Engineer: 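The structure follows.
Only a predicted model underlies this, so the values are computations on that prediction, with no experimental measurement involved.
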Amino acid sequence: MSTSLLTPQRCNTFRMFSSSTTNPFLLHHAIPCGEEAQRTEFLMLDPAKEDYFTTVDKPLPKNLIKSKLVGSSHGWGVYLSSPDYILISNYPSRSKSNPKIIDLPPRPSLNGSQTELVSGVAMSSSPEEEECIIAVKYMGRPVSIYTPGQDSQGFLLAMSTRLFDYFEQSKLMYSKRDQRFYMPSSGGHHLWSWVGLPSTTPQYHELKFHNLPQFSHSELQLFDSCYRAHELVESPSGQRFLLKWYVESPANKSLVFNCGGTKRFMVFREEEDMNMCYTEDIGDLCIFLGNNEPFCVKASSFPGLNPNSIYFLGEGYGVYDIATRSPRSFTPKSTPSSSSEQIVLPYWIPPMSL
């Protein structure tokens, strides 16, 4: 699966987005098309309709063609380009206007870290806002902090070796309520947080779990056979949830998610003082997990979305009913072509005004 977009193809012409506000949607892949690749074709999936739609818009910016998309937040993609550069762009989510590309300082060099691999990306707001803070978590100890509207240099947070093993592959989330970045540990029992300023002192939080369900022997066996990831997400009202995502380990042990492999989510609502209470009811909310910073929307604001659900993606994608504890694959009415498509890392794009 390639993350560069190099192969031009012929395609039909569509307009990019027809309404002033978008639904949450999945960017599936993009292909340069037409003569001399003067346009780009996007394949999207609308989760409310559970069907694909295709749009054609401006050509892919040249400095993104050979870059690798490693994550997204607020509709902005984060790209790694050789040899050690990193940039962000609002293409294609804002491609009706002139897409913006912002170069960030070079990736850090730190012994024992793999800065060509990114495990998490989060932003405090859109990078179009001057006070925006961007955090990029690399495999290993470093977290790079960037403030493109205020400082061209950025700075580096490096976890102590004591904490390294617990946060090596952690995801990131920014809390608007607390104005802090949070990162759950690989075991899901701790959080690491900071405010995103050079003078920040990261805090280490221990989580306490309550109202745990009773599991049968077969359920415990299932959990033991699964790979587990942890995601932290905040609702529009500021309510936070910790999600434990259980995926049956594939035979090749590559530890990549696929829709068929997702077996269970456990959802914990945060109460006071880092107390996490198990729940099977998050009300009208639905959560979007994938290669993007996790986000949460009210299902009633977007007809067709299922409340009390988790929309997830990895190698495949589907929706999980929290109340019935059941995942299912999407069943789109149409099937996308797969001839010689150049696939980008798929990610959810949150609702936004155009």
Side-chain angles (χ1 to χ4, degrees), residues 1-5 27 29-30 63-91 93 101-124 127 132-148 154-159 163-174 181-186 192-194 196 202 227 229-233 245 254-257 288-295 312-315 343-350:
M1 183 179 293
S2 171
T3 56
S4 60
L5 310 175
L27 172 62
H29 72 248
N63 42 352
L64 297 185
I65 289 178
K66 293 185 178 182
S67 297
K68 180 182 179 183
L69 178 65
V70 294
S72 73
S73 176
H74 292 269
W76 285 68
V78 177
Y79 299 81
L80 300 185
S81 57
S82 59
D84 62 350
Y85 292 101
I86 183 168
L87 53 87
I88 58 174
S89 176
N90 61 354
Y91 185 87
S93 61
I101 297 175
I102 300 173
D103 292 308
L104 298 178
R107 305 200 297 271
S109 177
L110 194 66
N111 290 336
S113 300
Q114 297 174 286
T115 56
E116 72 278 8
L117 300 175
V118 171
S119 65
V121 170
M123 301 180 188
S124 64
C132 173
I133 304 171
I134 302 168
V136 179
K137 170 66 174 67
Y138 298 97
M139 294 287 283
R141 295 173 56 202
V143 179
S144 285
I145 310 296
Y146 306 99
T147 52
F155 66 97
L156 180 70
L157 289 178
M159 289 174 289
L163 300 178
F164 168 73
D165 290 340
Y166 300 103
F167 293 92
E168 181 179 8
Q169 301 182 48
S170 295
K171 295 292 189 74
L172 297 177
M173 185 214 74
Y174 181 78
F181 289 92
Y182 284 92
M183 184 166 61
S185 67
S186 56
W192 202 52
S193 75
W194 64 95
Y227 171 70
H230 299 86
E231 303 267 7
L232 196 66
V233 63
W245 186 356
S254 60
L255 300 183
V256 293
F257 292 137
F288 289 82
L289 302 180
N291 301 308
N292 48 275
E293 180 180 2
F295 64 90
F312 61 91
L313 71 86
E315 285 291 298
I343 307 297
V344 300
L345 184 68
Y347 63 95
W348 296 107
I349 295 180

Engineer: Name the orientation class of the two ring planes belonging to Phe181 and Trp194 (parallel below 30°, tilted from 30 to 60°, perpendicular beyond 60°).
Structural biologist: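 Plane angle under 30°, so parallel.
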
Engineer: Report the C-alpha distance between Tyr146 and Ile88 in whole Å, list the side-chain angles of each, state the deciding distance to 0.1 Å, and finish with yes or no for side-chain contact (heavy atoms from CB on, under 4.5 Å).
Structural biologist: CA-CA 11 Å; Tyr146 306 99; Ile88 58 174; over 6 Å; no

Engineer: From Ser81 OG over to Leu87 CG, what is the distance, rounded to the nearest 0.5 angstrom?
Structural biologist: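 So the gap between those two atoms works out to 5.0 Å.
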
Engineer: Which atom names give the shortest non-hydrogen contact between Tyr174 and Met123, and what distance separates them?
Structural biologist: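 Minimum heavy-atom contact is CB-O, 3.6 Å.
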
Engineer: Relative to the ring of Phe295, is the ring of Phe288 parallel (under 30°), tilted (30 to 60°) or perpendicular (over 60°)?
Structural biologist: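 Plane angle under 30°, so parallel.
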
Engineer: Using every non-hydrogen atom in the two residues, find where Pro350 and Gly75 come nearest and quote the distance to one decimal.
Structural biologist: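 Scanning both residues completely, I find the closest heavy atoms to be CD-N, 3.8 Å.
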
Engineer: If you compare all heavy atoms of Met183 against all heavy atoms of Leu172, which two are closest, and at what distance to 0.1 Å?
Structural biologist: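 That closest heavy-atom pairing would be SD-CD2, 3.6 Å.
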
Engineer: Between Gly71 and Val121, what is the shortest heavy-atom contact and its length?
Structural biologist: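 For Gly71 and Val121, the tightest heavy-atom pair comes out as CA-CG2, 4.2 Å.
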
Engineer: Grab the two heavy atoms, one from Pro346 and one from Leu313, that are nearest each other, plus how far apart they are.
Structural biologist: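 That closest heavy-atom pairing would be O-CD1, 3.5 Å.
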
Engineer: Does the side-chain contact (heavy atoms from CB on, under 4.5 Å) test come out yes or no for Val78 and Val118, once each step is laid out?
Structural biologist: CA-CA 10 Å; Val78 177; Val118 171; over 6 Å; no

Engineer: To the nearest 0.5 angstrom, please state how far the NZ atom of Lys171 sits from the CG atom of Asn291.
Structural biologist: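 Lys171 NZ to Asn291 CG: 6.5 Å, rounded to 0.5 Å.
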
Engineer: Please report the closest heavy-atom contact between Trp348 and Gly290, naming both atoms and the distance.
Structural biologist: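 Closest pair (atom of Trp348, atom of Gly290, distance): CD1-N, 4.4 Å.
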
